[in-house]
Peer 1: 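Here you go, one structure.
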Protein chains: 2
Amino acid sequence: MQDHEQIFSRFLAKKGLRLTLPRKQILDAVFSLHSHFDAEQLFDVLRIRNAEVSLATVYRTLPLLLESGLIQHSMRQESRDIYEHIFGHPRHLHWICRQCGSVSETSLDNIMPFLERAAQEQHFELEDFSLNLMGLCWRCKNENRNQ
Amino acid sequence: MQDHEQIFSRFLAKKGLRLTLPRKQILDAVFSLHSHFDAEQLFDVLRIRNAEVSLATVYRTLPLLLESGLIQHSMRQESRDIYEHIFGHPRHLHWICRQCGSVSETSLDNIMPFLERAAQEQHFELEDFSLNLMGLCWRCKNENRNQ
DNA sequence: TCCTTGTTGAGAATGAATCTCATATATTTA
DNA sequence: TAAATATATGAGATTCATTCTCAACAAGGA
Ligand SMILES: [Mn+2]
Ligand SMILES: [Mn+2]
Ligand SMILES: [Zn+2]
Ligand SMILES: [Zn+2]
């Protein structure tokens with residue numbers, strides 16, 4: 001039964017780094033959210049929770065969380081990098097509406113085998129990937145039709 | 001037999017815009033390249049070709065080329081947006097090595113039907129998408145092993 | 001205790017991308 | 001043909017997410 005704090009702690013130890021209070025607070029904030037977030041939004045959550053963590057440390061910690069596999073970079077929107085925690089979540093792809101900006105998700109189970117086989121053929125060591133689909137959500141599609 | 005200049009010209013006309021010399025030169029430069037490029041690299045090509053086009057106009061023209069469907073946004077590397085022309089090219093995905101930065105391509109034919117079906121089920125109007133796979137290329141994988 | 005190494009916040013710096021604006025050029029109108 | 005209107009452009013300023021710098025601090029080992 002490994003929780004994310006244990007995983008992060010071990011990951012850090014392996015790199016000669018420590019699980020400090022700011023890092024712990026950032027980790028908690030990340031797992032208190034259940035949607036996509038950017039650095040600034042995460043920083044806001046920390047302020048609401050009265051965690052005294054600087055924005056610089058947020059930006060410094062995100063790469064560590066990425067490397068540990070606890071979060072993933074999901075997409076880029078309005079020139080901001082968007083993340084989400086993935087520990088215990090199934091792999092999924094993103095449908096991004098170019099008009100309203102909404103994001104919905106779909107399972108990737110049907111595609112994974114294909115990608116893994118392709119990686120093997122290439123002798124490519126797959127560590128991460130992203131599949132983002134851009135267009136119009138049904139809502140915006142209808143809205144445009146009625147005009 | 002539509003060439004890309006005709007396509008771009010018609011696209012612009014439909015928007016009440018004109019195919020000016022700078023736009024023509026940018027278009028030519030884009031199709032003179034046969035690999036991925038960012039705005040700055042495209043600007044360099046234009047300078048080498050003695051085209052007097054400003055960087056601002058390059059940045060202004062890229063969204064037009066995107067919307068016309070002649071180029072696509074391929075990925076983001078080292079905080080730069082990377083593009084490539086796609087007119088007459090098959091859809092493909094990108095294998096990106098996190099160590100050496102190399103990018104290789106693979107056909108997307110096997111995945112397209114799945115994506116199109118998924119889009120239909122969602123009533124999502126798919127306009128564009130990107131599938132980028134990150135990890136280690138075989139070269140870097142071997143290199144790391146021998147150390 | 002001393003020394004090395006890692007950590008942090010605050011604010012400065014970076015740099016790709018966007019914006020402003022004065023000046024051109026094309027197209028339409030009278 | 002001469003306004004009037006709309007679109008384009010280069011140069012340089014600006015934006016702003018992200019990264020960097022640095023001084024102060026803390027943990028752990030010798
Ligand atoms: Mn997601
Ligand atoms: Mn490509
Ligand atoms: Zn929408
Ligand atoms: Zn490589």
Side-chain angles (χ1 to χ4, degrees), chain A residues 5 8-30 36-47 49-68 71 73-84 101, chain B residues 5 8-30 36-47 49-68 71-83 101:
Chain A
E5 190 165 315
F8 196 38
S9 170
R10 281 179 193 160
F11 165 80
L12 291 170
K14 208 171 288 179
K15 301 200 78 172
L17 307 176
R18 309 179 201 114
L19 182 52
T20 61
L21 181 59
R23 283 175 182 157
K24 214 177 294 191
Q25 289 175 321
I26 290 169
L27 182 69
D28 287 349
V30 161
H36 305 137
F37 63 87
D38 64 24
E40 207 81 30
Q41 289 171 326
L42 183 55
F43 183 59
D44 288 344
V45 169
L46 286 159
R47 292 199 322 135
R49 300 179 133 219
N50 297 313
E52 296 207 352
V53 178
S54 72
L55 187 55
T57 297
V58 169
Y59 273 108
R60 276 190 284 242
T61 306
L62 284 170
L64 296 173
L65 290 167
L66 279 172
E67 201 186 336
S68 73
I71 70 172
H73 178 265
S74 296
M75 71 206 80
R76 201 174 155 79
Q77 273 193 310
E78 296 163 61
S79 60
R80 273 181 231 112
D81 285 314
I82 312 284
Y83 307 87
E84 71 187 307
Chain B
E5 190 165 315
F8 196 38
S9 171
R10 281 178 192 161
F11 165 80
L12 291 170
K14 209 171 286 179
K15 303 199 76 173
L17 307 176
R18 309 177 199 116
L19 182 53
T20 59
L21 180 59
R23 283 176 182 155
K24 214 177 295 194
Q25 289 175 322
I26 291 170
L27 182 70
D28 287 347
V30 160
H36 304 137
F37 63 87
D38 64 24
E40 208 80 30
Q41 290 170 325
L42 183 54
F43 183 58
D44 288 344
V45 170
L46 286 159
R47 291 199 323 133
R49 300 178 133 222
N50 296 312
E52 295 207 352
V53 179
S54 74
L55 187 54
T57 297
V58 170
Y59 273 109
R60 276 190 284 242
T61 306
L62 284 171
L64 296 173
L65 290 167
L66 278 172
E67 202 187 335
S68 74
I71 70 171
Q72 77 174 179
H73 178 264
S74 296
M75 71 206 79
R76 205 175 152 78
Q77 272 192 312
E78 297 163 62
S79 60
R80 272 180 232 115
D81 285 314
I82 312 284
Y83 307 87

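So you know, we letter chains A, B, ... as the sequences are listed, proteins then strands, and number each from 1.
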Peer 1: When you measure from the side-chain N and O atoms of B:Tyr59 to the phosphate of C:dT18, is any distance below 4.0 Å, counting only OP1 and OP2?
Peer 2: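 Indeed not, no polar side-chain atom of B:Tyr59 lies that close.
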
Peer 1: Rounded to the nearest Å, what distance is computed from the CG atom of residue B:Leu62 to the P atom of nucleotide C:dA16?
Peer 2: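 So the two atoms are 14 Å apart, to the nearest Å.
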
Peer 1: What is the separation between atom CZ on B:Arg18 and atom P on C:dA24, rounded to the nearest whole Å?
Peer 2: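 From B:Arg18 CZ to C:dA24 P: 16 Å.
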
Peer 1: Measure from CZ on B:Arg80 to P on C:dT18 and round the result to the nearest Å.
Peer 2: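 Distance check: B:Arg80 CZ to C:dT18 P gives 15 Å.
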
Peer 1: Given atom CD of B:Gln41 and atom C1' of C:dA17, what is their separation to the nearest angstrom?
Peer 2: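 After rounding, the gap between these two atoms is 16 Å.
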
Peer 1: Take A:Leu55 and A:Glu40 through the test side chain to side chain contact (heavy atoms under 4.5 Å, CB included) and record every step on the way to the result.
Peer 2: CA-CA 8 Å; A:Leu55 187 55; A:Glu40 207 81 30; 4.0 Å; yes

Peer 1: With axes from five pairs an end, tell me the bend angle of the helix from C:dT1-D:dA30 to C:dA30-D:dT1, nearest 10°.
Peer 2: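 Axis-to-axis angle, ends of the helix: 10°.
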
Peer 1: On a plain distance test, is the side chain of A:Arg60 in donor-acceptor contact with the base of C:dG9 below 3.5 Å?
Peer 2: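 Side chain to base: pair found, below 3.5 Å.
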
Peer 1: For the residue pair A:Phe37 and A:Tyr83, categorise the inter-ring angle as parallel (less than 30°), tilted (30 to 60°) or perpendicular (more than 60°).
Peer 2: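 Because their plane-to-plane angle lies in the 30° to 60° range, the rings of A:Phe37 and A:Tyr83 count as tilted.
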
Peer 1: Testing the basics here: between B:Glu67 and B:Phe11, what is the closest heavy-atom pair and its distance to 0.1 Å?
Peer 2: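 So the minimum-distance heavy-atom pair works out to CB-CZ, 3.6 Å.
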
Peer 1: So, is A:Thr20 near the phosphate of C:dT7, with a side-chain N or O under 4.0 Å from OP1 or OP2?
Peer 2: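 No, because none of the side-chain N or O atoms of A:Thr20 sits under 4.0 Å from OP1 or OP2 of C:dT7.
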
Peer 1: What's B:Leu17 touching, base or sugar-phosphate or nothing? Going by heavy atoms closer than 4.0 Å.
Peer 2: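 Result for B:Leu17 = sugar-phosphate.
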
Peer 1: Reading DNA chain D from 5' to 3', where do the contacts with chain A start and stop? Cut-off is 4.0 Å to heavy atoms.
Peer 2: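 First and last nucleotides in contact are D:dA17 to D:dT21.
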
Peer 1: Step by step, work out the side chain to side chain contact (heavy atoms under 4.5 Å, CB included) result for A:Arg76 and B:Arg76.
Peer 2: CA-CA 9 Å; A:Arg76 201 174 155 79; B:Arg76 205 175 152 78; 3.1 Å; yes

Peer 1: To check you understand the geometry: which heavy-atom pair defines the closest contact between B:Gly101 and B:Gln77, and what is its length?
Peer 2: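 The pair with the smallest heavy-atom distance is O-NE2, 3.4 Å.
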
Peer 1: Taking salt bridge (Lys or Arg N to Asp or Glu O under 4.0 Å) as the definition, give me every residue that meets it alongside A:Glu52, ordered by chain and number, with sequence neighbours left out.
Peer 2: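 None.
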
Peer 1: Quick one: A:Leu46 CG to C:dT8 P, roughly how many Å, whole number?
Peer 2: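 For the pair A:Leu46 CG and C:dT8 P, the rounded distance is 12 Å.
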
Peer 1: Measure from CG on B:Leu55 to P on C:dA17 and round the result to the nearest Å.
Peer 2: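 My rounded result for the distance is 9 Å.
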
Peer 1: If you look at every heavy atom in B:Leu27 and B:Glu5, which pair is closest and at what distance?
Peer 2: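 Nearest pair, atom of B:Leu27 first, then B:Glu5: CD2-CA, 3.5 Å.
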
Peer 1: Checking all strands, does A:Asp38 fall into the base, sugar-phosphate, or nothing category for heavy-atom contacts under 4.0 angstrom?
Peer 2: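 Here A:Asp38 touches no strand at all.
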
Peer 1: Does B:Ala56 or A:Ala56 map to a spot on DNA chain D nearer the 5' end, using the closest nucleotide for each?
Peer 2: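 It is B:Ala56 whose nearest nucleotide is closer to the 5' end.
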
Peer 1: Would B:Leu62 and B:Leu42 satisfy side chain to side chain contact (heavy atoms under 4.5 Å, CB included), going step by step from the backbone distance to the final call?
Peer 2: CA-CA 10 Å; B:Leu62 284 171; B:Leu42 183 54; 4.1 Å; yes

Peer 1: Evaluate side chain to side chain contact (heavy atoms under 4.5 Å, CB included) for A:Thr61 paired with A:Val53, printing each intermediate quantity in order.
Peer 2: CA-CA 11 Å; A:Thr61 306; A:Val53 178; over 6 Å; no

Peer 1: Rounded to whole Å, how long is the line connecting atom CG of A:Leu12 with atom P of C:dT8?
Peer 2: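 Those two atoms, CG and P, are 10 Å apart.
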
Peer 1: Whole angstrom is fine here: how far is it from CZ in B:Phe37 over to C1' in C:dA16?
Peer 2: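 Atom-to-atom, B:Phe37 to C:dA16, this comes out as 16 Å.
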
Peer 1: Taking all atoms of both residues into account, what is the closest heavy-atom pair of B:Asp38 and B:Arg80, and its distance?
Peer 2: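 Smallest interatomic distance, heavy atoms only, reads OD2-CD, 2.9 Å.
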
Peer 1: Let me know, please, whether B:Glu78 or A:Pro22 comes out on the 5' side of the other along DNA chain C by nearest nucleotide.
Peer 2: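 The residue closer to the strand's 5' end, by nearest nucleotide, is A:Pro22.
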
Peer 1: I want to confirm an ordering. Mapping B:Gly16 and B:Ser54 to their closest nucleotides on DNA chain D, which one lands closer to the 5' end?
Peer 2: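 This one resolves to B:Gly16.
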
